[in-house]
Amino acid sequence: MSIHYKKGLFIALFVLLGVCLSAFAQDFDKIQIQTVKVTESVYMLAGGGGGNIGVCVGQDGVLLVDSQFAQLMEKIKAAVTKISSAPIRLVCNTNWHYDHVSGNEVLANSGALIIAHEKTRERMAEEQNFPEFGQKIPPFPEPALPVVCFNKALTLHFNGEEIQVTHIPRAHSDADLVFFFRKANVIHTGDICFSKVYPFIDVTHGGSVDGVLEAVDKIWGMIDANTKVIPGHGPLTDREGLKAYRDMLAAVRERIASLIKEGKTLEQVLAAKPTADFDKTMLPGVPAETFVTVVYNDLAKR
C-alpha cells in the first residue's frame, strides 16, 4: 500500500467519520448551526462539518433526518425550537457514519424513536475496524442504536407527509437510505450526494463509485425539476445540481479508469490531476487528492 494511498484515505475517513483530531479538536462553542427553509414544513440544518440534518415539522411533532455531532446537540435542538416548539419524536439515519448518528443517544434519551436501515444498527452495535490505518471505533451505547430497522423500503406518514424511505445498496456505504418527502417534494439523499464538495465513498464498507453513480441515477428518476435536494454535505441543491454532481463523478471516474488501464500508479494518477477542471468550483471539504485516492483504490482492485 502506497504512502499516498494511506494518507488519502486516512484523511477521508477522519474528516467524515469524525473520529480524528480535526473533528474533536474543533471548538464546538464557536460553531453556528445554519437553518435553511426548504418549504413550509421542511428545513435543513447545517454546521460543524457533520451531515446535513433534515427537519420536518407539523402537528405530529418534529422528525429529524440524521443527528450530527453530540457536541452540537444543544445548538441543534435550539435551532429546531426556533422552527417548532413541538417535541422531536422521530430521528431517521441516512447511514451509520459518526457524523450522521452521534447525536442519536441524546435524542433517544429525550424520547425520540430512532429509525434506520438494519445494517446501520449492526454497524453501530459493533466495533468499527479500519485495518488500513490500524483504527478502531468502539461500539455506540445501546440508547444510540436504532430501534426500528428495515431492509429495503419503508413509508412514514407523519405531519401530513408521505415519506418514502428507500435503501440503495452498495452506494456510498452498505446502509444508505434516501428520504423523499412527497408532498413537500423534497428529498434527503444522505451521502449518496455531496453538493459542491468532493464526496467520500466508503469502499471499505460496501461503497463503490459505480454504486454511487447508479444511486444518483435512481434518485434522478424519483424526482422532478422542482424537487429540492438536501445533500449529505454541502449547500441545498436541486435536480440540476444532482446532475452536475453526477457529471463530475462520472468524468473523474472515467479519467482515473483510463489512467489505470494505461498502467499508471496512484502517484502518477495524482500527478495527472484528474479533478483539475473541477477544483476551482468546489467548496472546502474532502481534498481532491483524497477523493482521487478513494476512486483509484476502488477501481484498481477490480
Side-chain angles (χ1 to χ4, degrees), residues 15-18 23 26-58 60-116 120 144 146 156 158-159 161 163 165 176-181 184-197 227-238 241 283-285:
V15 166
L16 291 175
L17 297 185
Q26 62 180 312
D27 189 345
F28 287 101
D29 290 337
K30 294 181 180 180
I31 292 172
Q32 299 299 315
I33 299 299
Q34 300 173 346
T35 301
V36 179
K37 185 176 182 180
V38 184
T39 70
E40 289 300 320
S41 61
V42 179
Y43 294 74
M44 183 181 87
L45 303 182
N52 290 328
I53 297 174
V55 184
C56 175
V57 298
D60 296 328
V62 176
L63 176 152
L64 299 185
V65 179
D66 284 337
S67 62
Q68 251 235 37
F69 294 119
Q71 296 94 328
L72 292 174
M73 190 47 58
E74 290 308 310
K75 291 186 177 182
I76 290 168
K77 289 163 67 173
V80 170
T81 299
K82 291 180 180 179
I83 301 170
S84 171
S85 60
I88 299 172
R89 293 186 55 200
L90 301 179
V91 176
C92 307
N93 297 142
T94 60
N95 66 63
W96 51 271
H97 288 164
Y98 184 91
D99 61 317
H100 295 263
V101 304
S102 75
N104 280 12
E105 182 179 10
V106 175
L107 293 169
N109 287 337
S110 298
L113 182 71
I114 311 296
I115 302 172
T120 289
L156 299 173
F158 193 78
N159 288 335
E161 273 287 354
I163 307 167
V165 190
D176 296 304
L177 298 179
V178 298
F179 294 80
F180 189 17
F181 298 82
N185 199 12
V186 176
I187 193 164
H188 194 313
T189 68
D191 283 354
I192 290 174
C193 175
F194 282 56
S195 175
K196 297 185 178 180
V197 292
T227 306
K228 298 297 183 183
V229 178
I230 300 176
H233 296 264
L236 183 71
T237 188
D238 54 19
L283 298 172

Side-chain heavy-atom pair I115, V165 within 4.5 angstrom cut-off: no
Using modelled atom types and a 3.5 Å cut-off, is there a donor and acceptor pairing between side-chain atoms of E161 and backbone atoms of A184? yes
Roughly how far, to the nearest 0.5 Å, is the CD1 atom of I163 from the CD1 atom of I187? 12.0 Å
Say you draw a straight line from CZ of F179 to CG of L64; how long is it, rounded to the nearest 0.5 Å? 11.0 Å
Measure the spacing between CD of Q68 and CD1 of I33 and express it to the nearest 0.5 Å. 5.5 Å
Audit row: V65, T94, side chain to side chain contact (heavy atoms under 4.5 Å, CB included) steps and yes/no: CA-CA 7 Å; V65 179; T94 60; 3.5 Å; yes
Do you know the tightest heavy-atom contact between G54 and I230? CA-CD1, 4.3 Å
Pairing residues for N109 by the side chain to side chain contact (heavy atoms under 4.5 Å, CB included) criterion, not counting sequence neighbours: E105, P143
Would you compute the distance between atom SG of C92 and atom CD1 of I53 and round it to the nearest 0.5 angstrom? 12.5 Å
Tabulate below the donor-acceptor pairs under 3.5 Å that side-chain atoms of residues 78-88 make, not counting sequence neighbours, or state none.
residue	atom	partner	partner atom	Å
T81	OG1	K77	O	2.9
S84	OG	A86	N	3.1

Find the distance between CG (L107) and CG (L90) and round it off to the nearest 0.5 Å. 11.5 Å
Donor-acceptor contact present, side-chain N52 to main-chain G234, <3.5 Å: yes
Taking side chain to side chain donor-acceptor pair (under 3.5 Å) as the test, write out the residues that go with S67, two or more places apart. N104
Non-neighbouring partners of N185 that pass side chain to side chain donor-acceptor pair (under 3.5 Å), sequence neighbours left out: D224, T227
Scan H100, H188, H97 and name whichever one has a side chain to side chain donor-acceptor pair (under 3.5 Å) with D66. H100
For the pair D60 (side chain) and N159 (backbone), establish whether a donor and an acceptor sit closer than 3.5 Å, ignoring hydrogens and angles. yes
Please answer whether the main-chain N or O of G190 pairs with a side-chain N or O of N95 as donor and acceptor at a distance below 3.5 Å. no
Is the backbone N or O of T39 less than 3.5 Å from a side-chain atom of K228, with the two atoms forming a donor-acceptor pair by type? no
Residues passing the side chain to side chain contact (heavy atoms under 4.5 Å, CB included) test with S195, sequence neighbours excluded, are P231, P235, T237
Side chain to side chain contact (heavy atoms under 4.5 Å, CB included) partners for V197, two or more places apart: F194, H233, L283
Would you please test I114 and N93 for side chain to side chain contact (heavy atoms under 4.5 Å, CB included) and show each step? CA-CA 8 Å; I114 311 296; N93 297 142; 3.6 Å; yes
Distance from T189 atom OG1 to F180 atom CZ, nearest 0.5 Å? 12.5 Å
Tell me, with the steps shown, if T35 and V55 meet side chain to side chain contact (heavy atoms under 4.5 Å, CB included). CA-CA 10 Å; T35 301; V55 184; over 6 Å; no
